[in-house]
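Notes follow once the structure below has been shown.
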Amino acid sequence: MGIYKMTTKFEEKIYQVCKKIPKGKVSTYKVIAEKLNSKAYRAVGSAMNKNPYSLSKIGSSKKMVPCHRVVASNGHLHGFAHGLKKKAQMLRKEGLEIKNNKIKNFKEKLCKF
DNA sequence: GCTTTGACTCTCG
DNA sequence: TCGAGAGCCAAAG
């Protein structure tokens, strides 16, 4: 393991799920929490904030977790460690349309696993 | 081991 | 459409 764990089992599962989000699609904190048989929406967000596999930390590695593809349940961009602007930018680069910090055609882009 | 905190979500007015 | 309040759960102190 090249990278220190620093994460709990619960958080690791979150990262595993996030990694599965296909490019050009998005998911929500809610969907991820439910995927883990839990309602810990907030815990999911916290895990993202502490995400040790973020873009700036390990770049385009296989372990990278596309946390920018995770948004609020209504398709609105909620938060991002490097700023919402950056988040919107990255999503746009992946083919998504962002308007006023909100995802266009959110229902179609949503990945529910 | 209890309290605080947070990148959440839902409901109501 | 928008903001406030309540409910929710795991991690950290």
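Computed from a predicted model, the values in this text were never measured in an experiment. Letters go in sequence order (proteins before strands), and every chain restarts at 1.
Applying the 6.0 Å contact sphere to NZ of A:Lys35 captures no more than 12 heavy atoms from other residues, nucleotides or ligands.
Atom pair A:Tyr29:OH and B:dA7:C1' shows a separation of 4 Å (rounding to whole Å applied). The separation between A:Asn49 atom CG and B:dA7 atom P is 5 Å, rounded to whole Å. As a whole-Å value, the separation of A:Ile32 CD1 from B:dA7 C1' is 11 Å. We find that CG of A:Leu36 is positioned 11 Å from P of C:dA11, with the value rounded to whole Å. To the nearest angstrom, P of B:dT9 lies 12 Å from CG of A:Leu77. In this structure, A:Ile14 places its CD1 atom 14 Å from P of B:dA7, rounding to the nearest Å. The separation between A:Met48 atom CE and B:dA7 atom C1' is 9 Å, rounded to whole Å.
Distance from the side chain of A:Lys39 is smallest to C:dC9 among C:dA11, C:dC9, B:dT9. Comparing atom distances between the A:Ala40 side chain and each of C:dA10, B:dC8, C:dA11 picks out C:dA10 as nearest. Distances from the side chain of A:Ser38 to the nucleotides C:dA10, B:dT9, C:dG7 place C:dA10 closest. Checking B:dA7, B:dC10, B:dG6 against the side-chain heavy atoms of A:Ser46 singles out B:dG6 as nearest. With B:dT9, B:dA7, B:dC8 as the choices, the nucleotide that has an atom nearest any side-chain atom of A:His78 turns out to be B:dC8.
For A:Ala43 and A:Thr28, each mapped to the nucleotide of DNA chain B holding its nearest heavy atom, the one lying further toward the 5' end belongs to A:Ala43.
The main-chain N or O of A:Glu94 is never found under 3.5 Å from a side-chain atom of A:Lys23 such that the two would form a donor-acceptor pair. With hydrogens and angles disregarded, a donor-acceptor distance shorter than 3.5 Å links the side chain of A:Tyr15 to the backbone of A:Ala47. Proximity of a side-chain donor or acceptor of A:Ser27 to a complementary backbone N or O of A:Cys111 within less than 3.5 Å is detected.
Nucleic acid contact for A:Lys50: sugar-phosphate only, since backbone atoms but no base atoms lie under 4.0 Å from a heavy atom of the residue. Among the atoms of the strands shown, only primed sugar atoms or phosphate atoms (P, OP1, OP2) are found under 4.0 Å from some heavy atom of A:Phe10.
Between A:Ser73 and B:dC10, a side-chain N or O to OP1/OP2 separation shorter than 4.0 Å is present.
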